[in-house]
There are 2 protein chains.
Amino acid sequence: MSETNISVPLAPLPPRSCKGLTDVLASVGDKWTIRVVGELARGSLRYNELQRRVGGISQRMLTLTLKRLEVDGIVTRTLFPSVPPRVDYELTELGQTLRAALLPLSQWAAKNRQAIEANRERAGK
Amino acid sequence: MSETNISVPLAPLPPRSCKGLTDVLASVGDKWTIRVVGELARGSLRYNELQRRVGGISQRMLTLTLKRLEVDGIVTRTLFPSVPPRVDYELTELGQTLRAALLPLSQWAAKNRQAIEANRERAGK
DNA sequence: CGGCATCCCGTTGGATACTG
DNA sequence: CAGTATCCAACGGGATGCCG
């Protein structure tokens, strides 16, 4: 616990602040969070619509993911007390900055995924 | 397998290419990979030195992590057949580009971690 | 020194059923 | 519609011991 030193990362991936990054990635780098944030990037969505768009996520995981994002201040949850009930999820400003910070990695992934798979192929044999 | 559509992400977190991102994060966003890449960012390191620097990683996890990074073409493994043996790990050019792509997220984490923890505090009570 | 093999337990997360 | 609750299988990952 005495190891929560996080100076601002000016140097390339400063080792001391890496623990902060690890924490964030533990929260953001799981199987579903990125997908959810990505779908919410373009605007608010209802629970079911979100589940449909993400594709493959279980109710349990969607709920847990959204709850954590809400607690972290990444998304807002808006309940319309109608019948049937309606709940909208939307990125907060913090969420938007996260999405922006994710972009370079997204581009890197798109650009290098095939190269990585080719590497795996070669190494695998 | 018919869903490997990855157009270049020009739009903010393009949903269709998000699966590529998810794959990459599944590979890169685990508990240790970022830390290892971060430590290797400044130059090559030996196995034990790497384990010491990362701190808290078990031999098993360090070995598995390095193996996957090697297979993916992110790091190189160089064996010096001396006695006792010596093995150096180093980022490849691809690894360097990954590190660069990780920087914005690293900065976001450093900048917003406290805010997130404050949010959790409020929401938790 | 730099690993690999094995055991084992805690967590993750899917499937299913139920509720306001 | 938008969840909650429970069960259970799969996986991650630490500890330990052995080897070239």
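The chains referred to below are lettered A, B, ... by the order of the sequence lines, with proteins before strands, and numbering in each begins at 1.
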Trainee: Could you tell me whether the side chain of A:I57 reaches within less than 4.5 Å of the side chain of A:Q51, counting heavy atoms only?
Mentor: yes

Trainee: How close or far is atom P of C:dC1 from atom CD of B:Q59, stated in whole angstroms?
Mentor: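 Spelled out: CD on B:Q59 to P on C:dC1 is 11 Å.
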
Trainee: Could you check whether B:S106 and B:R99, counting side-chain N and O atoms only, form a donor-acceptor pair closer than 3.5 Å?
Mentor: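 Absent: no donor and acceptor within the cut-off.
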
Trainee: I'd like a table of atom pairs between the protein and nucleotides 8-14 of chain D - only N or O on both sides, under 3.5 Å - with the distance next to each one.
Mentor:
{"unit_1": "D:dG13", "atom_1": "N7", "unit_2": "B:R60", "atom_2": "NE", "d": "3.3"}
{"unit_1": "D:dG13", "atom_1": "N7", "unit_2": "B:R60", "atom_2": "NH2", "d": "2.7"}
{"unit_1": "D:dG14", "atom_1": "OP1", "unit_2": "B:K31", "atom_2": "NZ", "d": "3.4"}
{"unit_1": "D:dG14", "atom_1": "OP2", "unit_2": "B:S58", "atom_2": "OG", "d": "2.9"}

Trainee: Work out which heavy atom in A:A101 is nearest to a heavy atom in B:P104; give both atom names and the distance.
Mentor: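 The pair with the smallest heavy-atom distance is O-CB, 3.7 Å.
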
Trainee: Starting at CG of A:L50 and ending at P of D:dC1, how long is that distance when rounded to a whole Å?
Mentor: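 For the pair A:L50 CG and D:dC1 P, the rounded distance is 14 Å.
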
Trainee: Could you state the CG-P distance from B:L62 to C:dG3, rounded to the nearest angstrom?
Mentor: 8 Å

Trainee: If only side-chain N and O atoms of B:Y89 are considered, is one of them under 4.0 Å from the OP1 or OP2 phosphate oxygen of C:dG3?
Mentor: yes

Trainee: Send over the distance from B:Y47 OH to D:dG20 P, rounded to a whole Å.
Mentor: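 Rounding to the nearest Å, OH of B:Y47 and P of D:dG20 are 17 Å apart.
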
Trainee: Between B:Y89 and B:T78, is any side-chain donor less than 3.5 angstrom from a side-chain acceptor?
Mentor: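 Looking only at side-chain atoms, B:T78 and B:Y89 do not form any donor-acceptor pair under 3.5 Å.
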
Trainee: Just wondering, do A:L94 and B:N119 contact through their side chains at under 4.5 Å, heavy atoms?
Mentor: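 Counting from C-beta outward, B:N119 and A:L94 do come under 4.5 Å.
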
Trainee: Using the test side chain to side chain donor-acceptor pair (under 3.5 Å), find all partners of A:R52 that sit at least two apart in sequence or belong to another chain.
Mentor: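 Result, side chain to side chain donor-acceptor pair (under 3.5 Å) vs A:R52: A:E49.
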
Trainee: Distance only, no hydrogens: is a donor on one side chain within 3.5 Å (strictly under) of an acceptor on the other, for A:R68 and A:T33?
Mentor: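 A:T33 and A:R68 do have a side-chain donor-acceptor pair below 3.5 Å.
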
Trainee: Is the shortest side-chain N to carboxylate O distance from A:R35 to A:E39 below 4.0 Å?
Mentor: no

Trainee: Using a cut-off of strictly less than 4.0 Å between a heavy atom of the residue and any atom of DNA chain D, enumerate the qualifying residues of residues 65-86 of chain A by number.
Mentor: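 Heavy-atom cutoff 4.0 Å gives A:K67, A:R77, A:P84, A:P85, A:R86.
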
